[in-house]
Number of protein chains: 2
Amino acid sequence: MTTEEQITPENNILKAAKEIFQKKGMAAARMQEIADEAGINKAMLHYYYRSKELLFEAVFKSAFHMLAPQLNEIMNADTSVFEKIRNFSSNYISFVLKHPYLPNFIIQELNRNPEFVKNLIAEKNFPNISKFRQQVNNKIEAGEIRPINPDQLFINIISLNIFPFIGAPLLKGFVNVNDETYKQLMEDRKTEVADFIINAIKI
Amino acid sequence: MTTEEQITPENNILKAAKEIFQKKGMAAARMQEIADEAGINKAMLHYYYRSKELLFEAVFKSAFHMLAPQLNEIMNADTSVFEKIRNFSSNYISFVLKHPYLPNFIIQELNRNPEFVKNLIAEKNFPNISKFRQQVNNKIEAGEIRPINPDQLFINIISLNIFPFIGAPLLKGFVNVNDETYKQLMEDRKTEVADFIINAIKI
DNA sequence: ATCTAGTTTAACCAATTGGTTAACAAATGT
DNA sequence: ACATTTGTTAACCAATTGGTTAAACTAGAT
């Protein structure tokens, strides 16, 4: 009983808008282009979503809701720190390989409009890492992992999983590989990233 | 004898254009806004740089040349792998703390136009990591560090150093800290990141 | 059949944008 | 002193953009 994607005009528009907004960003996206992508008249966009700004917000929230709850679920799950690191890395890389434009879109638009994050925090499923923090501190006290600021560890986990996608064009140049080889590197990271992190903190 | 920043009209425009382009991106930046920032007439922008596209390219290359040579120098220096990791982390974080918009600007525009990277690769100072690769492989054979694909290690180094700046708005929300506290986290990373990486690979 | 509500379209509009132009001012050379 | 190049400005322009409108089409209700 997954949420069936109905083929309402709203969803059709949203899908087209996602495509264009995520590829070009808010400023460079054109309403006409979105209408073409959706195969409808431009006026329909304004009929269903009042303005470009509102359509963009709908797209952004939809995109964010695809990513954030996953993070939340994993971080608050009833599993060990190491399992969380493994699950998150594996799940996120798999997910992003299927939606390559998503992370860059979110990061970019949050940089463009940092206040936007306040809206997101207010929502119910906004990721909360307090449980993770506690678990890390417990492990440190138990002498099972090296002393580390849990926030820094969290930042490291996110960085290692997300940046390789956002920085793909640059990194492809640096390591000098073609798209296919780079994709294989990303596949490998599903397990490599977690191993790397766990090695870094395990005593 | 550092390259003195002359106060020619070209440099004045370039500085203003950097400010605006890096804050808003190519598409959202307005020529009038750049002119205002530079305190000159809009027509002057076209007098010194023919078009928005060319002005943007000048800004982009100038920005890239601030970052890439540093990477190249450190990676090709006559120092050990561990020293390179420490130097790079410390230098880069210090540098980016002074130029917070830079990494996001470069990453964003390379995603918008991935072919751009081909131009950059052709330039003389484009980072080359072959020496680093060789050093890592030697260390692995010598049994001093764990087996790891040098390219993956390189990607990890870059990710851990750069993403916390690009993803700052999001990460500030996740770890729930204010700007000042977050900046302190970044200061700490000058040494924490290198420690983390070295712990991950050292046997 | 016809009324009504929602849906769709083509034509239109005002504002903005990158870019040009032609006249004017300031140096620079002779 | 004069001419020529270089720098600067305000006014202008064509194209594009997000958004509107009024008329037409559809489908269900009566």
Side-chain angles (χ1 to χ4, degrees), chain A residues 4-63 101 105 108-109 111-113 115-116 119, chain B residues 4-63 101 105 108-109 111-113 115-116 119:
Chain A
E4 290 276 337
E5 300 261 324
Q6 311 248 16
I7 42 167
T8 63
E10 281 95 336
N11 281 342
N12 180 39
I13 291 173
L14 201 66
K15 193 181 157 195
K18 251 185 202 171
E19 184 77 18
I20 304 298
F21 274 135
Q22 291 182 17
K23 215 178 280 183
K24 309 213 162 183
M26 166 69 171
R30 298 288 160 241
M31 292 297 266
Q32 185 59 60
E33 208 178 349
I34 295 172
D36 292 347
E37 175 80 22
I40 56 169
N41 188 288
K42 179 165 68 89
M44 297 304 290
L45 300 181
H46 293 93
Y47 182 74
Y48 287 103
Y49 300 83
R50 284 170 45 95
S51 66
K52 186 185 183 183
E53 187 66 35
L54 286 174
L55 177 55
F56 174 80
E57 275 182 37
V59 167
F60 184 87
K61 290 202 172 171
S62 165
Y101 287 114
F105 172 68
Q108 178 53 25
E109 300 302 335
N111 271 302
R112 191 182 64 95
N113 194 359
E115 311 93 68
F116 219 92
N119 288 352
Chain B
E4 289 276 338
E5 301 259 324
Q6 311 247 15
I7 42 166
T8 62
E10 282 94 336
N11 281 342
N12 181 38
I13 291 173
L14 201 66
K15 193 181 157 195
K18 251 185 204 171
E19 186 76 19
I20 304 298
F21 275 134
Q22 291 181 15
K23 214 178 282 183
K24 309 214 163 183
M26 166 69 172
R30 299 289 160 243
M31 293 296 268
Q32 185 59 60
E33 208 178 349
I34 295 172
D36 292 347
E37 175 79 25
I40 57 169
N41 188 288
K42 180 165 69 87
M44 297 305 291
L45 299 180
H46 294 93
Y47 181 75
Y48 287 103
Y49 301 83
R50 285 170 46 94
S51 65
K52 186 185 185 184
E53 185 68 35
L54 286 174
L55 176 56
F56 174 81
E57 275 181 39
V59 168
F60 184 87
K61 290 203 173 171
S62 165
Y101 288 114
F105 172 68
Q108 178 54 23
E109 300 302 333
N111 272 302
R112 193 183 62 96
N113 194 359
E115 311 92 68
F116 219 91
N119 288 352

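The sequence lines fix the lettering, A, B, ..., with proteins before strands; numbering per chain opens at 1. In this text, all values refer to a predicted model and were calculated from it rather than measured experimentally.
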Return the value, rounded to whole Å, for the distance between atom CG of Leu45(A) and atom P of dA10(C). 14 Å
Rounded off to whole Å, could you give me the NZ-to-P distance for the Lys24(A) and dT17(D) pair? 10 Å
Could you tell me the separation between the CZ atom of Phe56(A) and the C1' atom of dG18(D), rounded to a whole number of Å? 16 Å
Spatial distance of atom CG (Asn41(B)) from atom CD (Gln32(B)) [nearest 0.5 Å]: 7.5 Å
Over how many whole Å does the gap from Tyr49(B) atom OH to dG19(C) atom C1' extend? 18 Å
Electrostatic pair Glu19(A)-Lys23(A), nearest N-O below 4.0 angstrom: yes
Is Ala29(A) touching bases, backbone alone, or none of the nucleic acid, heavy atoms closer than 4.0 Å? sugar-phosphate
State plainly whether the residues Lys15(B) and Glu37(B) are in salt-bridge range, i.e. N to O under 4.0 Å. no
Just by distance, do the side chain of Tyr49(B) and the backbone of Glu10(B) share a donor-acceptor pair under 3.5 Å? yes
Grab the CD-C1' distance between Gln32(A) and dA10(C) for me, whole Å please. 12 Å
Starting from C1' on dC13(C), measure out to NE2 on His46(A) and report it in whole angstrom. 13 Å
Does a side-chain N or O from Arg30(A) land closer than 4.0 Å to OP1 or OP2 of dT16(D), or not? no
Rounding to an integer number of Å, can you tell me how far Leu54(B) CG sits from dG19(C) C1'? 13 Å
Show the distances under 3.5 angstrom between N or O atoms of the protein and N or O atoms of nucleotides 7-11 of chain D.
unit_1: dG7(D); atom_1: OP2; unit_2: Tyr47(B); atom_2: OH; d: 2.8
unit_1: dT8(D); atom_1: OP2; unit_2: Tyr48(B); atom_2: OH; d: 3.1
unit_1: dT9(D); atom_1: OP2; unit_2: Asn41(B); atom_2: N; d: 3.4
unit_1: dA10(D); atom_1: OP2; unit_2: Asn41(B); atom_2: ND2; d: 3.4
unit_1: dA10(D); atom_1: N7; unit_2: Asn41(B); atom_2: ND2; d: 3.4

Return the value, rounded to whole Å, for the distance between atom CZ of Arg50(A) and atom P of dT21(D). 12 Å
Listed once per pair and sorted, the ring-ring contact (aromatic ring centres under 6.0 Å, His included) pairs that draw on residues 12-33 of chain A, sequence neighbours left out: Phe21(A)-Phe56(A)
Do we see a donor-acceptor contact under 3.5 Å between the side chains of Glu109(B) and Asn113(B)? no
